[in-house]
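Since the model is a prediction, treat every value here as computed from it, not as a measurement.
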Amino acid sequence: MSYTDQVIESLKKNIDSFKKEVSVEEVGAVISVGDGIARMSGLENCKAQEMLEFPGGVYGVALNLEEETVGAVILGDFRHIKEGDLVKRTGRIMSVPVGDQLIGRVVNAVGIAIDGGEEIVTKEFYPVERVAPGVMTREPVNRPVQTGIKAIDAMIPIGRGQRELIIGDRQTGKTAVAIDTIINQKGQDMICIYVAVGQKESKVARIAARLREVGAMEYTIIVSSGASEPAPMSYIAPYSGVAMAEYFADKGKDVLVVYDDLTKQAWAYREMSLLLRRPPGREAYPGDVFYLHSRLLERACNLNKDNGGGSITALPIIETQASDVSAYIPTNVISITDGQIFLETSLFYKGIRPALNVGLSVSRVGGAAQIKPMKKVAGKLKLAMAQFRELEAFAQFASDLDPETKKQIELGQRITELTKQAQYSPLPVEQQVVSIYAITNGFMDDVPVEKIGEAEKKLLDFAVKSKQSLLSKIAAGQWDEKVEEELKMACQEFVKSK
């Protein structure tokens, strides 16, 4: 075969193997941009919640689908985007990376690492918006989330799969309750996700450092949208957090998600909605602000065994103004959740920390989320505290009190003193049971009120050193006459040894 024939043969083969591939990209143009919001024309087939690619690798999410234009929020720096820039459809609904690789890391609202560590590469992505599991896939909440905080575990118990609101004014210890709960999950087989919405970056860095210090970052993910970031990041961060949680729940694991705080998410959503020209409603919030939080919190669940058996427990935080729980956003979130922990400013300033208002705090799951020993010893505690708060105000003006009232006030004072707890010092549930049993059964009646904390510390040291088998039984949820008798004898032994 001549050289010419070889060339012709080679050309024929190349022509036969040539496949014409056509790729179609739908693009639009930016009409206007500002404050993290862009309006575009030309994206006719764009879907709601679809990710759009802007110049410079910045992504946005389509929220307003109108006849002529599409309104989108930009997730990231929008200062370089200008009128006339081309915008590409990605065909992907807004999603975030999920997986074990995220544990121990600090990421932003779209799942990109911001802790200075190596880039996070995951195999899976979950959509940030997902329909909540249906009723038939769930089962009743009946396993506890031990917060390590005596007042909460005894009086307002939280169960795995519950949504318990933490509400109160600024600087009343809302974040402290949530962080203590995360710290207390060490060894409890629980993955924790802390979502910081519109918080100062310095505050998030301090929390991350503290969690690393106590070894809690080994099972924790921090999702942060800083106060300096655009409003869309604060809007999307809680949804990203719960999407990451759903990955673990689908694998049968228990997850705790803290949203700190949803008031700032509502503010971010209001800002975005007004810039997108959506009609304002009460207090300038858009009409669907209730739906903003309900579709987020409904995703907390306790799945049955047929659906993996995992759970997502939500601890949303809401900030009130002047303790007004009847304001618009607080009432919205109260009506979505399964109870609330109300922290009161006046109690906080009195030095009662956590500043728990027992009368307004409630858990709609209650004793079902407590181990049996705690249920037995803490049964009368909430009633005693509520009665004491009522009598306390009355007793200030009464010089002569009948013995019964005096007894109730003294018990209330001792319980109040007992429930005071320093930050970052959660207590194991078995030690809480010992403390509460001792105070409610008169073993500390001869201790001056101001020395209750000191006496409790000595009692627990005594129990840890010499009653380890009893503590193990209580921790395992054992409670019968024999265990109660053993606990009674341990308290008597301690009183004699003083």
Side-chain angles (χ1 to χ4, degrees), residues 48-49 93-96 98 124-147 152 156-167 178 181 185 188-193 195 236-259 262 265-266 269 287-318 329-341 361-372 375:
Q49 293 280 334
I93 297 300
M94 177 65 197
S95 51
V96 287
V98 294
E124 287 187 69
F125 284 78
Y126 265 40
V128 296
E129 296 273 9
R130 197 171 168 206
V131 178
V135 174
M136 300 309 287
T137 65
R138 302 176 182 234
E139 65 179 24
V141 173
N142 51 21
R143 294 171 298 143
V145 172
Q146 304 293 356
T147 65
I152 294 171
I156 309 123
I158 301 168
R160 297 190 180 203
Q162 191 176 340
R163 300 156 302 173
E164 184 76 8
L165 172 63
I166 302 170
I167 187 166
T181 304
Q185 299 318 305
Q188 306 271 353
D189 196 25
M190 176 88 87
I191 289 159
C192 300
I193 299 173
V195 183
I236 219 89
Y239 295 108
S240 300
V242 77
M244 292 168 192
E246 281 170 339
Y247 167 83
F248 296 109
D250 288 348
K251 300 240 175 313
K253 295 181 181 175
D254 294 317
V255 194
L256 173 74
V257 191
V258 175
Y259 305 107
L262 293 187
Q265 191 201 17
Y269 190 59
D288 63 343
V289 75
F290 178 89
Y291 185 52
L292 170 81
H293 290 149
S294 67
R295 73 177 188 265
L296 170 73
L297 295 170
E298 283 297 331
R299 287 160 78 177
C301 57
N302 186 31
L303 295 169
N304 59 30
K305 292 286 175 278
D306 298 337
N307 290 278
S311 74
I312 298 174
T313 308
L315 292 183
I317 294 174
I318 287 285
I329 300 300
T331 45
N332 275 357
V333 184
I334 284 170
S335 64
I336 298 162
T337 48
D338 310 309
Q340 68 272 351
I341 293 164
S361 299
V362 64
S363 168
R364 295 190 185 104
V365 172
Q370 284 176 317
I371 60 168
K372 196 178 176 185
K375 200 191 293 190

Give the intermediate values and the outcome of side-chain contact (heavy atoms from CB on, under 4.5 Å) for residues F248 and V98.
-> CA-CA 9 Å; F248 296 109; V98 294; over 6 Å; no

List the steps and the verdict of side-chain contact (heavy atoms from CB on, under 4.5 Å) for I334 and L165.
-> CA-CA 7 Å; I334 284 170; L165 172 63; 3.5 Å; yes

Do the side chain of R143 and the main chain of G161 share a donor and acceptor less than 3.5 angstrom apart?
-> no

Answer yes or no: is there a donor N or O on one side and an acceptor on the other, between the side chain of Q162 and the main chain of G159, under 3.5 Å?
-> yes

Minimum heavy-atom separation for [X] and [Y], please, with both atom names.
X: A249; Y: I312; answer: CB-CG1, 3.8 Å
X: P157; Y: A369; answer: CB-O, 4.0 Å
X: G241; Y: I193; answer: O-CD1, 3.6 Å
X: A243; Y: Y126; answer: O-CD2, 3.6 Å
X: I329; Y: A266; answer: CD1-CB, 4.0 Å
X: A48; Y: I93; answer: O-CD1, 3.6 Å

Any side-chain heavy atom of E164 within less than 4.5 Å of one from V145?
-> no

Check: Y239 and L292 side chains under 4.5 Å, non-hydrogen atoms | yes

Can you tell me how far [atom2] of [Y] sits from [atom1] of [X], rounded to the nearest 0.5 angstrom?
X: I341; Y: S361; atom1: CD1; atom2: OG; value: 7.0 Å
X: I191; Y: L256; atom1: CD1; atom2: CG; value: 11.0 Å
X: I166; Y: T147; atom1: CD1; atom2: OG1; value: 9.0 Å
X: N302; Y: R160; atom1: CG; atom2: CZ; value: 9.5 Å

With sequence neighbours left out, what residues match [X] under side-chain hydrogen bond (donor to acceptor under 3.5 Å, both in side chains)?
X: Q370; answer: none
X: T181; answer: none
X: Q340; answer: none

Sequence neighbours excluded, every pair satisfying salt bridge (charged side-chain N to carboxylate O under 4.0 Å, His left out) that has a member inside residues 294-308 = E129-R295, R163-E298, E246-R299

Contacts of type side chain to side chain contact (heavy atoms under 4.5 Å, CB included), residue P133, not counting sequence neighbours = T137, R138, C301, L303

Determine, step by step, whether Y269 and H293 satisfy the side-chain contact (heavy atoms from CB on, under 4.5 Å) criterion, reporting the C-alpha distance in whole Å, the side-chain angles of both residues, the deciding distance to 0.1 Å, and the verdict.
-> CA-CA 11 Å; Y269 190 59; H293 290 149; over 6 Å; no

Under the salt bridge (charged side-chain N to carboxylate O under 4.0 Å, His left out) test, which residues partner D250, sequence neighbours left out?
-> R130

Among I317, L315, V195, find the residue that satisfies the side chain to side chain contact (heavy atoms under 4.5 Å, CB included) test when tested with Y259.
-> V195

Run the numbers on M190 and Q146 for side-chain contact (heavy atoms from CB on, under 4.5 Å), then give the verdict.
-> CA-CA 11 Å; M190 176 88 87; Q146 304 293 356; over 6 Å; no

